[in-house]
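In the text below, chain A, chain B and the rest are named by the order of the sequence lines, each starting its count at 1.
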There are 2 protein chains.
Amino acid sequence: MDISARIEAAIGKAIAEGQGGVAPPRLASALDYAVTPGGARIRPTLCLHVALACGDDKPALSDAAAISIELIHCASLVHDDMPCFDDADIRRGKPALHKAYGEPLALLTGDSLITAGFEVLARVGDADPKRALELIRILGIRTGMPYGICAGQGWESEEQIDLSAYHKAKTGALFIAATQMGAVAAGQEAAPWEELGDRIGEAFQVADDLKDALLSAQDMGKPAGQDAANHRPSAVAELGVQGAIDRLNDIMSGAIDAIPSCPGRDDLAQMVRKTAERLVPAKAIQAAE
Amino acid sequence: MDISARIEAAIGKAIAEGQGGVAPPRLASALDYAVTPGGARIRPTLCLHVALACGDDKPALSDAAAISIELIHCASLVHDDMPCFDDADIRRGKPALHKAYGEPLALLTGDSLITAGFEVLARVGDADPKRALELIRILGIRTGMPYGICAGQGWESEEQIDLSAYHKAKTGALFIAATQMGAVAAGQEAAPWEELGDRIGEAFQVADDLKDALLSAQDMGKPAGQDAANHRPSAVAELGVQGAIDRLNDIMSGAIDAIPSCPGRDDLAQMVRKTAERLVPAKAIQAAE
């Protein structure tokens with residue numbers, strides 16, 4: 001099975017578990033709505049590539065690690081789109097979840113998906129209890145407070161923002177989870193894999209700033225120009241378009257250098273290079289020229 | 001250390017972990033606001049009593065099990081008080097969290113506390129990885145979909161409510177978590193402990209209906225008369241006040257019969273009896289007479 005098929009199969013199974021038994025039907029339906037269509041699945045894809053580069057000796061753990069991150073990511077999109085945050089009407093080209101199901105179910109969908117992220121890891125724990133617990137620990141650190149995506153979003157309610165902590169938590173956290181959890185699922189230490197995730201997260205943030213500034217809402221499947229509208233810090237505002245593109249290229253070179261030694265290092269480097277190319281669509285580069 | 005001191009110490013430590021490092025200060029402060037003052041801490045107290053009745057041979061696991069449930073409970077209070085659900089202004093005698101910190105931080109506080117619930121269990125996992133994973137599994141089942149408190153709250157968005165599934169998920173879930181997790185933390189099987197938690201949860205629901213109908217907002221530290229105002233199903237509406245009190249007594253007798261065989265069965269039975277007496281304050285009984 002290729003990586004994309006592994007991810008979709010594992011997500012489908014996790015959502016079906018949440019919908020099983022005597023579940024409230026609308027919330028059950030909202031769980032599926034929140035995770036489809038999948039978009040690039042960039043975090044779980046990165047996680048599985050790292051696991052494969054490290055040997056992928058426990059595929060059930062690798063799959064669970066990958067999709068646990070995606071479930072948390074989807075939860076954060078649902079909550080961030082709600083009126084008290086971005087008040088976004090569209091997401092992935094369809095109505096945002098709270099527009100389709102109402103705010104109460106949007107709140108509960110996010111809560112249920114966060115929970116499901118931890119559950120999928122616990123469920124495959126018998127394959128290797130120590131690795132599974134380490135995966136749960138990392139997922140927790142990169143989701144909650146003080147270093148996870150909750151912390152990242154929390155910085156937006158501060159008058160004084162620690163920009164470095166803000167970006168590392170808001171965007172970097174789940175990329176760091178992806179590289180570290182891919183390695184841990186395959187029996188490696190987490191620590192050497194932090195820098196790679198951190199750099200890819202930084203690149204992703206710059207790319208997101210570029211897309212927000214250069215693409216239309218139709219191209220993105222969500223509202224454009226939100227950074228400027230919400231006075232959010234942005235690499236484009238700071239460095240200009242060309243400066244931001246140069247910065248993106250620098251970061252990705254650093255990311256490749258940061259890949260720890262492992263059996264599949266060359267393949268992984270190639271995957272990271274391809275990710276860099278896909279981060280900013282040609283359309284955005286053309287718009288900049 | 002007595003049970004209450006163990007709970008407060010463990011909660012304080014978990015919140016301090018969430019506030020550590022470079023955390024956004026307002027969200028860090030909101031975490032503490034959400035878990036204090038503690039109220040009765042009825043779920044973690046029950047959990048620790050069960051652990052003690054089963055030998056409490058790994059106190060770090062028992063403490064983590066107990067407070068993981070309380071963190072999830074506090075998260076649910078914060079989210080349920082938000083305008084899209086109960087729109088409650090007061091909680092535990094002070095402004096509801098979204099009134100004190102705003103809706104964005106209320107949403108993030110709930111998300112962070114859910115995450116913290118799983119993290120505290122992962123953090124003590126080295127004490128016994130298999131038990132820790134089983135605890136995380138149970139916490140997930142009783143928090144998310146299809147059987148957890150998220151599912152319970154989700155039923156309120158359905159036109160057709162499955163009343164039995166609704167009550168078991170909304171109120172029963174965290175009591176079942178309390179009895180099962182207390183037992184698992186001390187090395188026992190989870191399954192025999194479900195009925196005790198289920199019955200205590202049922203009693204708690206009836207008691208809550210009685211308090212909502214009979215006490216003032218000041219006595220409860222939160223708005224009164226919400227069931228009637230929101231047309232929610234209630235044992236008082238169904239059975240009348242005296243009928244609800246009789247039902248409560250029947251359930252609690254059944255709960256005591258349901259306690260599985262364990263070294264501390266007699267002490268636990270006494271604790272359950274005391275809990276029953278405390279569930280409905282004398283003031284409410286007087287108001288009914």
Side-chain angles (χ1 to χ4, degrees), chain A residues 17-28 31 75-76 79 82-85 101-108 110-116 118-119 121-123 125-126 129-130 132-134 136-137 139-141 143-148 150-151 153-158 162 164-166, chain B residues 17-28 31 75-76 79 82-85 101-108 110-116 118-119 121-123 125-126 129-130 132-134 136-137 139-141 143-148 150-151 153-158 162 164-166:
Chain A
E17 292 270 0
Q19 295 173 325
V22 189
R26 293 188 67 226
L27 181 53
L31 293 184
S76 80
H79 281 179
M82 288 179 70
C84 70
F85 285 115
Y101 289 86
E103 283 187 58
L105 288 181
L107 189 46
L108 293 173
D111 291 355
S112 301
L113 291 176
I114 294 171
T115 304
F118 292 99
E119 273 193 280
L121 291 168
R123 213 176 282 134
D126 291 344
K130 285 204 165 180
L133 279 169
E134 176 70 359
I136 292 166
R137 259 192 290 264
L139 190 70
I141 291 169
T143 299
M145 278 277 281
Y147 296 123
C150 291
Q153 193 76 10
W155 279 111
E156 295 182 9
S157 292
E158 294 294 331
D162 181 323
S164 154
Y166 166 62
Chain B
E17 292 269 1
Q19 296 173 324
V22 189
R26 293 188 67 225
L27 181 54
L31 293 184
S76 79
H79 280 180
M82 288 180 68
C84 70
F85 286 114
Y101 289 86
E103 283 188 58
L105 288 181
L107 188 46
L108 293 172
D111 292 355
S112 302
L113 291 177
I114 294 171
T115 304
F118 293 98
E119 274 192 280
L121 291 168
R123 214 177 281 132
D126 291 343
K130 286 203 167 182
L133 280 168
E134 176 71 358
I136 291 167
R137 259 192 290 263
L139 190 70
I141 291 169
T143 299
M145 278 279 281
Y147 297 123
C150 291
Q153 193 76 12
W155 279 111
E156 294 181 9
S157 292
E158 295 294 330
D162 181 322
S164 154
Y166 167 62

Problem set entry | Among M145(B), H79(B), Q153(B), side-chain contact (heavy atoms from CB on, under 4.5 Å) partner for D111(A) | H79(B)

For this session: Nearest 0.5 Å please: distance from the CG atom of L108(B) over to the SG atom of C84(A).
Result: 8.0 Å

Problem set entry | Pick from A23(A), P24(A), S164(A) with the largest number of heavy-atom pairs that fall under 4.5 Å of chain B | P24(A)

Problem set entry | Residue, of M82(A), E103(A), Q19(A), that accumulates the most heavy atom pairs under 4.5 Å with chain B | E103(A)

For this session: Against chain A, label I141(B) side chain, backbone, both or neither, depending on which of its atoms sit under 4.5 Å from a heavy atom there.
Result: both

Exercise. In terms of heavy-atom pairs under 4.5 Å, which option from A106(A), G102(A), G154(A) contacts chain B the most?
Worked result: G154(A)

Exercise. Can you tell which of A151(A), P104(A), A28(A) has the highest number of heavy-atom pairs within less than 4.5 Å of chain B?
Worked result: P104(A)

For this session: Identify which part of L133(A) has an atom lying under 4.5 Å from any heavy atom of chain B, answering side chain, backbone, both or neither.
Result: both

Exercise. How close do R137(B) and A122(A) get, heavy atom to heavy atom, and via which atoms?
Worked result: NH1-O, 2.8 Å

For this session: Please flag which part of E17(B) lies under 4.5 Å from any non-hydrogen atom of chain A: side chain, backbone, both or neither.
Result: backbone

Problem set entry | Part of Y166(B) within contact of chain A (heavy atom distance under 4.5 Å) | neither

Exercise. Given the options G21(A), G20(A), P25(A), which has more heavy-atom pairs under 4.5 Å with chain B than any of the others?
Worked result: P25(A)

Problem set entry | Close side-chain approach of L121(A) to I136(B), heavy-atom, < 4.5 Å | no

Exercise. Given a strict heavy-atom distance threshold of 4.5 Å, which part of Y101(A) is in contact with chain B: side chain, backbone, both, or neither?
Worked result: neither

Exercise. With chain A, which of T143(B), L107(B), L113(B), D162(B) has the greatest number of heavy-atom pairs at distances under 4.5 Å?
Worked result: L107(B)

Seminar exercise, completed: When rounded to the nearest 0.5 Å, the distance separating CG of L139(A) from CD of E119(B) is 9.0 Å

For this session: Say whether, by atom type as modelled, one donor and one acceptor occur between the side chain of R26(B) and the main chain of E158(A) under 3.5 angstrom.
Result: no

Exercise. F118(A) vs F118(B) aromatic rings, parallel, tilted or perpendicular, using cut-offs 30° and 60°?
Worked result: parallel

Exercise. Which atoms form the tightest heavy-atom contact between C150(B) and L27(A), and what is the distance?
Worked result: O-CD2, 3.6 Å

